[in-house]
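The structure appears right after this line, and notes come after that.
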2 protein chains.
Amino acid sequence: MNATVERFQKLLTERGYRVTPQRLAIYEALVESASHPSAEELYHRVRDRYPMMSPATVYNTLQLLVELGLATELGFPGETRYDGNPHLHANILCIRCRQIFDLDLPDLSHIEKELASRSDFLLLGQRHEFFGICPDCRLEEAEQAGEPVN
Amino acid sequence: MNATVERFQKLLTERGYRVTPQRLAIYEALVESASHPSAEELYHRVRDRYPMMSPATVYNTLQLLVELGLATELGFPGETRYDGNPHLHANILCIRCRQIFDLDLPDLSHIEKELASRSDFLLLGQRHEFFGICPDCRLEEAEQAGEPVN
DNA sequence: CTCGATGCAAACGGTTTGCATAATC
DNA sequence: GATTATGCAAACCGTTTGCATCGAG
């Protein structure tokens, strides 16, 4: 059990939530996976170790993680995926292989400040999502077509 | 029938799609509504005038509009909504009244360029979504609580 | 006249709900 | 021991599909 999971455990206790093996397993699986999994993917992955795991528990836990600020929902076309990186950043989805990558854009916190100064909205969250075709998939497409990448 | 709809009509013909009353009605309803409606909302709104309208046609047409670059999908938590404003901009959702507002952030095209220069991704789209509580709802909440807005 | 678009109804898939049981604190 | 979390199965709801019919070009 690593330090991130221990922090989660501590946070649960502090906020009056119970520490359960399911919660730890789900959070661990989310943090471990670089792929930004969907709730369902996560459910299948965790169920390999905990065969009794139910979908409801995964959905509940993900909601809890979002509340605690340990995860964010990504709303890409057609599917909701989860990001266990709590640091503000953008994401980019490859529409071909469906992988999602983290993207550090230095302008982001800047945007937040500007928004705050320009309106009376109480800002609670933000998502910056890009989609396109990743370098690997571009290469593959070029090979299949027998043509160079433009 | 206004100029925007006429442009749509022209674009359909140019690209080899047929001009149908349904397509025009759906597009008109989308552009008219400032609320960034969901597909279902749009379906109900259009059906008032065209009782035979089917959900499938609304979904098909929205997909077509996105293809043509006349609309974008917004992926807010739990629902997909549509924006008939083709100009690159951010959106902000009020989680209380569910209204979505357009937001012009001058940095956005800047971000796009930076992304292009920093990776080999072929960029196809982007969404910049904020959520929070709008000024009106903040006032209402303050009134209900009998407390001042902080 | 031909082919693309529509309407309808049924199927789909991800997510949520209700409730009895189990486990944490 | 009290109360929260879990597992299960059924319900939900927005969206998609297949197919016969309609209508734009």
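By convention in this document, chain letters (A, B, ...) are assigned in the order of the sequence lines, proteins followed by strands, and residues within each chain are numbered from 1.
- With a 6.0 Å radius and a threshold of 12 heavy atoms from other residues, nucleotides or ligands, B/Arg49 has its CZ atom at or below the threshold.
- When each of D/dT17, D/dC8, C/dT6 is scored by its nearest atom to the side-chain atoms of B/Thr57, the top-ranked nucleotide is C/dT6.
- For A/Met52, counting side-chain heavy atoms from C-beta on, the closest listed nucleotide (C/dT15, C/dG14, D/dC8) is D/dC8.
- Between B/Phe121 and A/Phe101, the two ring planes are perpendicular [angle over 60°; tilted spans 30° to 60°].
- Straight-line distance from the OH atom of B/Tyr17 to the P atom of D/dA24: 19 Å, rounded to whole Å.
- Each of B/Arg127, B/His128, B/Gln126 was scored for a side chain to side chain donor-acceptor pair (under 3.5 Å) with A/His128, with one residue passing: B/His128.
- Across all strands, B/Thr80 comes closer than 4.0 Å only to sugar-phosphate atoms, never to a base (heavy-atom distances).
- A straight line from CG of B/Leu24 to C1' of D/dG23 spans 14 Å, rounded to a whole angstrom.
- The side chain of A/Arg18 contributes no N or O atom lying less than 4.0 Å from OP1 or OP2 of D/dT3.
- For C/dG7, one of the phosphate oxygens OP1 or OP2 lies less than 4.0 angstrom from a side-chain nitrogen or oxygen of B/Gln22.
- Along DNA chain D, the nucleotide nearest B/Tyr59 and the nucleotide nearest B/Thr13 are compared for position; the residue whose nucleotide lies closer to the 5' end is B/Tyr59.
- Side-chain nitrogen and oxygen atoms of A/Thr20 include at least one within less than 4.0 Å of the OP1 or OP2 phosphate oxygen of D/dT6.
- With rounding to whole Å, A/Glu79 atom CD is found 15 Å from D/dT15 atom P.
- If you measure from atom CD of B/Gln63 to atom C1' of D/dT17, you get 12 Å, rounded to the nearest angstrom.
- With A/Gln9 contributing its side chain and A/Leu24 its backbone, the two residues share no donor-acceptor pair below 3.5 Å.
- In this structure, B/Asn60 atom CG and C/dG7 atom P are separated by 10 Å, rounded to whole Å.
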